[in-house]
Every structure is written in C-alpha cells, then in structure tokens.
Asks: 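Once you've had a glance at the structure underneath, I'll fire off some questions.
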Amino acid sequence: MPELPEVEVVRAGLAPAVVGARVVGVEAHDARALTRHAGTPAEFEARLTGRTFGGTARRGKFLWLPLDEASPAGAPEAVMVHLGMSGQMLLRAAGAPPERHERIRIAIEHPDHGELAVVFADQRTFGSLAIDALIPTPDGRAGGSGHDAPLVPQQAAHIARDPLDPAFDDALFRRRLVMKSSAIKRVLLDQTVVSGIGNIYADEALWAARIHPESLARGLATRTVNRLLAEVRAVLAKALAEGGTSFDAQYVNVNGEAGYFAHSLNAYGRHGKPCPRCGRMIVRTSFTNRSSHFCPFCQRVRAVQGREAASADH
DNA sequence: CTTCTCACCTGCGCGC
DNA sequence: TGCGCGCAGGTGAGAA
C-alpha cells in the first residue's frame, strides 16, 4: 500500500501497539524481504530480539521504528520499512496463523497490551525491512512525521521531505522545478525532489491543478506551481482522512481493513469515463512502464519546449 | 552532471 | 478450463 497516505495509515496504526514494546522473537522466513538489510536473516533476527521500539516515524513512503537502545557501537538505529508495491504491516494476536505472503514476523510484548505479532506480508517482494543507522538531519528538524528526533535512516536520507511535513521547503521545491527539463509528472514522482507521491496521487493532483502530465516542469509559472503544490497537499490529506486508496485486499491498514479513497478518484483508473469537471472522456497514455490518466480538455500542455524561458518568471 | 530505461517479483483479469 | 498476455500502488543500478 504504497503512497504517502497509505504508509501514514500504517504508521499511525502501528504506533499504539509498538511504541514501548519489546521484541521477544523474530522469524525472517524470506531473505527477499531483507534486501535493504546489510546482514543475513539470522543476523537480523538476533540483532532485533530483545530490543524496544521507541517510536514510529515516516517521511514520504519510508517508515521507520526507532529503537531505544543504541547499536553496540553506540549509534542510534531503527527498523526501516519500505512497503514497495504490495507490502503490508499487520498487527495480529500472538501465535496467529501465517498470513498469505508472510515474509517476516516480529513477536512483541507491550506493557499495556501484552503479546502481539507484527507481520510483514508482501506479494511482490519489492518491499523490505532493514535495521539501519539513524543519522542527523542537515536542517536539525525532525526526520519525519510521528517522531520528534532530528534523525533519519541512512537509507532514507537522500529522499526529500514530503509536502505534509512542516519542514518542507516550498521555495526550494520551486527552485528545483525550474532546473528540471523533464515532464512535470516525472518530477512529482522523483522522491529526491518531493517524496510521498506515487502514480495515483500524481495523476489526481495534476487533474485537480489542471496541468497536463507531459508539461515541461521548468516551463510552469510560479502561480501554477503553487496551485499544484496546494492540490498535492489537498489530495494527500483527503486520501489520508479516508484511510487511503484500496482497489482490492492488497492495500489495507494494520488490521487488514481497506481505505475508501478509491471512491473519490477523479482521474486515476477512470479512462473511458467522463471527467467529473467537464464531462469529456478521461484518457490513459503509457508513461515509463506505467500509465497516466488525465482529461485532455481540462489539462492542456501549456509549457512548450523553447518558449518556457521567456515566460517562466512570474 | 542529468535523465531515462529496465529489472526486480507475484498474481489477477482478460481474450482466445 | 487452460494459456498467454498485459497490467499493477516503487525503487534504484546502470546506461545514455
């Protein structure tokens, strides 16, 4: 369940069960679920057992659970989680039967809630867990949402802050857009420019801002970029409030429940159906091994290559 | 340097 | 029923 709202639903769901809980057992069934982890599955199990979770944090689509105790070398660490395309973090009763596509099970003991199982299940195995070092943020601000520490996992340090992060720098985002000679949709999906946006919310935000996905990023007027950023925030916040987007049982919260934002989609997956704004057909085009969905009438290409330099400053 | 393609996987729904 | 094909919410190594 991969974009920002879905990952945030998972983070918020894990927090009450995990913070303050001690790991009493780890079973890593599948080494593919540890592709981001430097050691072996056995080493992961041994290193995590006995540790205590001190919080939950998220930046973009990266989620991490800081550990109370430092590493033997004295460095702060966290369990880093990336859900990939199909990962799930599920909370289950201790000893619950194996989930479909279960890859890793972490048995925990919480002072208030007793024994529980945290299960990482993942059909396509693009997601993974890792024990990763926490390093200081360059700006000294909190590393992500949900936790105050100015630390971020090494593996997530190259990712930009997400648009719902209070420390997100709008002016920096605008400056970086002006330097990009790519289509705006490609830039929205570039996690080093702005994190948390994936294929669904990119299409939704571009539809809401009435911007063609192939518009040249550096050709957008400042007011257009500001409108886009506002729509990105609006669609992410609304999707979060509705529990995320679920098309099937794949994308669920920690209790296995689907979100209902799929009912609020205006463009994504709606090709051949009328645009909710103008009534003309939404189209689908192929885009980097995936699809873009947009309204060709509401979303025109304005920023034509070769003309953008003259009109970029507003 | 920047930009872009492709591999990494499993499973589902569709047309034949 | 079965089979092949296209498609799916992401990422990052390596090529251009």
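A quick note: this is a predicted structure, and the numbers were derived from the prediction, not measured. Each chain gets a letter, A, B and so on, in the order its sequence line appears, and its residues count up from 1.
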Asks: On DNA chain B, does the nearest nucleotide to A/Q123 precede the nearest nucleotide to A/T288 from the 5' side, or the other way round? Give the residue.
Replies: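 Whichever sits nearer the 5' end wins; that is A/T288.
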Asks: Return the nearest nucleotide to the side chain of A/R100; candidates are C/dG9, C/dT11, B/dC12.
Replies: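 For the A/R100 side chain, the nearest candidate turns out to be B/dC12.
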Asks: Does A/D165 reach the main-chain N or O of A/A167 with its side chain, forming a donor-acceptor pair under 3.5 Å?
Replies: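 Side chain of A/D165 to backbone of A/A167: a pair is present.
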Asks: Between A/D122 and A/H101, does any side-chain donor sit less than 3.5 Å from a side-chain acceptor?
Replies: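 No - no donor-acceptor pair under 3.5 Å links their side chains.
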Asks: Does OP1 or OP2 of B/dT2 have a side-chain N or O of A/K180 closer than 4.0 Å?
Replies: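 Negative; the distance criterion is not met.
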Asks: Would A/E8 and A/S145 count as having a side-chain donor-acceptor pair, cut-off 3.5 Å?
Replies: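 No - no donor-acceptor pair under 3.5 Å links their side chains.
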Asks: Is the phosphate of B/dC6 approached by A/N289 (side-chain N or O, under 4.0 Å from OP1 or OP2)?
Replies: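 False: A/N289 side-chain N/O out of range (4.0 Å or more) of B/dC6 OP1/OP2.
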Asks: By nearest atom, which of the nucleotides C/dG10, C/dG9, C/dA8 is closest to the A/Y251 side chain?
Replies: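 Closest nucleotide among those given: C/dG9.
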Asks: For B/dC1 versus C/dT11, give the span between their P atoms, rounded off to a whole number of Å.
Replies: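 Result for the P pair: 23 Å, nearest Å.
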Asks: Could you tell me how the ring of A/Y201 sits relative to the ring of A/F261: parallel (under 30°), tilted (30 to 60°) or perpendicular (over 60°)?
Replies: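 If you compare the ring of A/Y201 with that of A/F261, the planes turn out tilted.
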Asks: Classify A/D122 by what it touches in the nucleic acid, base, sugar-phosphate, or nothing, heavy-atom distance under 4.0 Å.
Replies: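 No contact at all - A/D122 keeps every heavy atom at 4.0 Å or more from the nucleic acid.
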Asks: Kindly point out which of B/dC9, C/dG9, C/dT11 is positioned nearest to the side chain of A/Y268?
Replies: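 For A/Y268, the side-chain atoms sit closest to C/dG9.
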Asks: Are A/R290 and C/dG10 close enough that a side-chain N or O sits under 4.0 Å from OP1 or OP2?
Replies: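 The answer is yes; a side-chain N or O of A/R290 sits under 4.0 Å from OP1 or OP2.
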Asks: Respond yes when some side-chain nitrogen or oxygen of A/R186 is under 4.0 Å from OP1 or OP2 of B/dC4, and no when none is.
Replies: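 Looking at the OP1 and OP2 atoms of B/dC4, one of them is under 4.0 Å from a side-chain N or O of A/R186.
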Asks: When you compare the ring of A/F126 with the six-membered ring of C/dG10's base, are the centres less than 5.5 Å apart and the planes under 30° from each other?
Replies: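 Here A/F126 meets both the 5.5 Å and the 30° conditions.
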Asks: Ignoring hydrogens and angles, state whether a donor on the side chain of A/N266 or A/R277 is under 3.5 Å from an acceptor on the partner side chain.
Replies: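 No, no side-chain donor-acceptor pair sits under 3.5 Å.
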Asks: Looking only at side-chain N and O atoms, does A/S181 come under 4.0 Å of OP1 or OP2 in B/dT3?
Replies: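 Yes, such a contact exists.
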Asks: Phosphate oxygens OP1/OP2 of B/dC8: is one of them under 4.0 Å from a side-chain N or O of A/T35?
Replies: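 The answer is no; no side-chain N or O of A/T35 sits under 4.0 Å from OP1 or OP2.
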Asks: Rounding to the closest angstrom, what is the interatomic distance between B/dC6 and C/dG6 at atom P?
Replies: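 Taking atom P in both B/dC6 and C/dG6, they lie 15 Å apart.
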Asks: Check this one for me: any side-chain N or O of A/Q191 less than 4.0 Å away from OP1 or OP2 of C/dT11?
Replies: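 Checking C/dT11 against A/Q191, a side-chain N or O does come within under 4.0 Å of OP1 or OP2.
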Asks: Taking the six-membered ring of A/F168 as reference, does the NZ or CZ atom of A/R161 fall below 6.0 Å from its centre and within a 45° cone about the axis?
Replies: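 No, A/R161 does not sit over the ring of A/F168.
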Asks: Closest approach to the side chain of A/R284, judged atom by atom: which nucleotide of C/dA8, C/dG9, C/dT11 is it?
Replies: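 The answer is C/dA8, which lies nearest to the side chain.
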Asks: Can a donor-acceptor pair be found, under 3.5 Å and without considering hydrogens, that links the side chain of A/R51 to the backbone of A/D68?
Replies: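 Answer holds: no.
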Asks: Rounding to an integer number of angstrom, what distance separates C/dG14 and B/dC9 when you compare their P atoms?
Replies: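 Rounded to whole Å, the distance is 15 Å.
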Asks: Side chains of A/H37 and A/E43: do they bring a donor and an acceptor to under 3.5 Å?
Replies: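 A donor-acceptor contact under 3.5 Å links the two side chains.
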Asks: Can you give the dot-bracket line for DNA chain C, using ( ) for pairs inside the strand, [ ] for pairs that cross earlier ones, | for pairs with another strand and . for unpaired bases, where Watson-Crick and G-U count if both distances are under 3.5 Å?
Replies: .|||||||.|||||||
Asks: So which nucleotide from C/dG9, B/dG11, C/dT11 ends up closest to the side chain of A/H101?
Replies: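 For the A/H101 side chain, the nearest candidate turns out to be B/dG11.
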Asks: Whether A/S182 contacts B/dC4 is assessed here as follows: a side-chain N or O lying under 4.0 Å from the phosphate OP1 or OP2. Is that the case?
Replies: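 Checking A/S182 against B/dC4: at least one side-chain N or O falls below 4.0 Å of OP1 or OP2.
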